[in-house]
Amino acid sequence: MHMTIRHPGPRTVAGRITYKEILVFAALVLFFIVSLPGNRSEADDGYHYAFQVKTQTWAQLMEPRFLLFLPISRLCYNFLQLLGLHPDAYTMMCVLSALCSAGAIMVCYRLMRNVLQLEKGAALWGCAFLLFSYGYWRYSVEAEIYSISNLLCVYVLYLIFTKDSPRMTLLAGFLAGLAVLIYKPNAMPLFFAFPFAYLIRRRWAGFFVYPLTGGVIILLGYLMAYQYVKPEGSYLNFLAAGASRSYGSPLVTLFVVLSNIAATQFLYGIDAIENFIRHKFPANIIVEEVFAANANGIWSYIAVGTLGLVALSMLLLLISAIRHFSRQHLRKEHAILLWWVIVYTLVLLFLDPNSPEPWTMLLLPIMLLVTCTLIAPLFTAGLTKLPWAVIIILFVHNVIGGYKVIAREDSDYIVNQCGWLKGHAQKGDLIITLGSGSMIAYFAYHVPAEVCAPEKVFDLCVDKAQAAIAAGKKVYLTENMLNRDDAIKFRHPEAVAKVA
């Protein structure tokens, strides 16, 4: 059998930004902005972050887990206001995420071409796989922390691999420290995986200078914030604050990781699956997901078929990749990517095994590792049809089973529940709700009235209601106060009994 062997073409010159790259970056940003969803109930923290950026003091914005994320967002918000643009804080943060995600894809392409020595087709495939993976795509248009984290992490790795000078080592360390100040879990790859990149290149000084520089930046950053915020407790307590742990099943973790690649939101629109989820996870409020998926109609059942095609095509691709795998395609740099995946996975399995959001940051190193070890040999052998077919099928499925579910605002349960109050509740009024954290954050951002959730602070809500009535203000009860969700009854039966 005749097999065509393709060799990598000329590499992009490291450090020089071409007009073609600028156009591609602009196209990526435009793609993200065009795909801004109308339904925002899927993400938990976006409106909460935007509310903080819009209303809180600088000291309140400096939360130890993401010390500089909100202050940087506030700086951008204030700068745009100085220009007379008066942006919506939430939308601005979504656009910032889009810019960072587009930048991360561009850096990934350069990393695959200049460092991992992949041919152009394989590098483009990897970028397309990352772009159309549901979790990456979705959180590229959300007011979240993951896009800027992805950009900084992959750019630091690119600097380490391509810039062999003391000045660039100091810059990489500085950016690594900054990345941790923006989001503390970035320390996992930046300081427990990336320093070994210096070892495999036999750059012994960099192995010590890089983490030392980053560590100094982190310690000084937290010290300056500690002096400014003046929190209770010691500096060490402030430095270590922000870590939390939740429990979950490793089997659910596998589903979470896979659902960040291929969308599964449509499954809530299938009655049998909805009932299964309610039975197996009684503490989870899923009314928002069910409402959105039901609005998807027959497309949710079509998505079952497209998900099957995604699974089948990926299985065939894996079989083909294994058949053409050779140790000759392995490079020392692949070990860093593998260790990045392992370190991040182990820490998340311990701290937060079942939340989908933090697992989205695993998509980038997985893409790099899979592309350079399994996909690149197929492109070298000229076997490109199946890999590109997988990308097309994945894109079609994530449109039908993912983005179509959240594309329209009228599929947003929170908007449907809160729309009237947005136009009627005034400052000084009180809204009492047993809704999800997303609903509470939506109220806080869009409605001038105060919001209180009696699920955990029933007595405080009663006191606030009495004070509002005494002041001649109105007290509003949301629909879920009367028709209480079974998950609330399961989690806090005492609170529900008081409400009743």
Side-chain angles (χ1 to χ4, degrees), residues 21 24-25 28-29 31-33 35 43 45-46 49 65-70 72-73 76 93-112 115-116 123 126-162 172 175-194 197 214 256-257 260-261 336-345 347-348 352 355-372:
E21 287 177 316
V24 172
F25 174 78
L28 288 170
V29 174
F31 170 79
F32 286 132
I33 292 177
S35 60
D45 299 319
Y49 292 152
R65 183 174 174 83
F66 36 87
L67 189 71
L68 294 185
F69 171 60
L70 296 179
I72 289 174
S73 299
C76 295
M93 294 178 73
C94 292
V95 173
L96 286 177
S97 289
L99 291 168
C100 290
S101 283
I105 290 175
M106 300 300 293
V107 177
C108 283
Y109 179 80
R110 283 197 164 210
L111 181 67
M112 287 185 283
V115 177
L116 302 176
C127 292
F129 180 79
L130 181 63
L131 173 63
F132 297 135
S133 291
Y134 184 74
Y136 190 89
W137 185 2
R138 174 66 185 87
Y139 283 93
S140 295
V141 290
E142 186 54 65
E144 265 288 4
I145 201 167
Y146 306 112
S147 294
I148 188 173
S149 295
N150 277 323
L151 174 59
L152 286 170
C153 286
V154 73
Y155 185 65
V156 167
L157 185 62
Y158 182 73
L159 280 180
I160 292 173
F161 277 135
T162 60
L175 291 177
L178 176 64
V180 174
L181 293 176
I182 289 174
Y183 185 48
K184 192 178 287 186
N186 287 335
M188 288 183 265
L190 289 167
F191 291 96
F192 295 94
F194 291 3
V256 165
V257 173
N260 271 324
I261 298 173
I336 304 301
L337 301 178
L338 178 61
W339 188 235
W340 182 355
V341 172
I342 290 173
V343 167
Y344 197 88
T345 299
V347 174
L348 273 190
D352 196 1
S355 296
E357 290 88 352
W359 287 100
T360 60
M361 286 192 60
L362 199 62
L363 291 171
L364 193 152
I366 286 178
M367 178 279 291
L368 292 172
L369 185 63
V370 168
T371 302
C372 64

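Every value quoted in this text rests on a predicted model; they were computed, and no experiment measured them.
Between the side chains of Glu357 and Tyr146, no donor-acceptor pair is found at a separation under 3.5 Å.
Asn260 places a side-chain N or O within 3.5 Å of a backbone atom of Pro356 that can act as its donor or acceptor partner. The backbone N or O of Leu99 lies less than 3.5 Å from no partner atom in the side chain of Ser147, so there is not a single donor-acceptor pair. Side chain of Asn186 to backbone of Ala179: a donor-acceptor contact under 3.5 angstrom is found.
Note that CG of Leu96 and CD1 of Ile145 are 12.5 Å apart. Values are rounded to the nearest 0.5 Å. With values rounded to the nearest 0.5 angstrom, Tyr139 atom OH is found 6.5 Å from Glu144 atom CD. To the nearest 0.5 angstrom, Leu68 atom CG is 10.5 Å from Ser73 atom OG. For the atom pair CG of Leu157 and CG of Leu368, the computed distance is 8.0 Å after rounding to the nearest 0.5 Å. Here the CG atom belonging to Leu363 is positioned 6.0 Å from the CD1 atom belonging to Ile366, to the nearest 0.5 angstrom. Atom CG of Leu364 and atom OG of Ser149 lie 11.5 Å apart (nearest 0.5 Å).
Counting heavy atoms from C-beta on, the side chains of Leu337 and Val341 never come closer than 4.5 Å. Ser133 is listed as a side-chain neighbour of Ile261, based on a closest heavy-atom distance under 4.5 Å. Side-chain contact between Phe192 and Val347 is absent, with no heavy atoms from C-beta onward closer than 4.5 Å. Within the 4.5 Å cutoff, side-chain heavy atoms of Phe161 are placed close to those of Ile336. Here the side chains of Leu130 and Ile105 are in contact, with some heavy-atom distance below 4.5 Å.
Contact between Ser35 and Val141 at its shortest, heavy atoms only, is OG-CG1, 4.1 Å. Leu116 and Cys372 make their closest contact through CD1-CB, 4.2 Å (heavy atoms, listed as atom of the first residue, atom of the second, distance). Between Ser97 and Glu142, the shortest heavy-atom contact is OG-O, 2.6 Å. Between Tyr109 and Cys127, the closest heavy-atom pair is CB-SG, 3.7 Å. Pairing each heavy atom of Met188 with each of Val343, the nearest pair is O-CG1, 3.7 Å. Nearest heavy-atom pair across Thr371 and Gly126 is OG1-CA, 3.5 Å.
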Might you work through the side-chain contact (heavy atoms from CB on, under 4.5 Å) test for Val180 and Phe191, ending with a clear yes or no?
CA-CA 10 Å; Val180 174; Phe191 291 96; 3.6 Å; yes

List the steps and the verdict of side-chain contact (heavy atoms from CB on, under 4.5 Å) for Arg138 and Thr360.
CA-CA 10 Å; Arg138 174 66 185 87; Thr360 60; over 6 Å; no

Could you check Tyr183 against Leu152 for side-chain contact (heavy atoms from CB on, under 4.5 Å), going step by step and ending with a plain yes or no?
CA-CA 10 Å; Tyr183 185 48; Leu152 286 170; over 6 Å; no

Under the side-chain contact (heavy atoms from CB on, under 4.5 Å) criterion, do Leu28 and Leu131 qualify, and how do the steps go?
CA-CA 9 Å; Leu28 288 170; Leu131 173 63; 3.9 Å; yes

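Other residues, nucleotides and ligands place more than 12 heavy atoms under 6.0 Å from the CZ atom of Phe132.
Note: Phe32 and Tyr136 have tilted aromatic rings, judged against thresholds of 30 and 60 degrees for the angle between ring planes.
When ring centroids are compared, Trp340 and Phe194 come within the 6.0 Å threshold.
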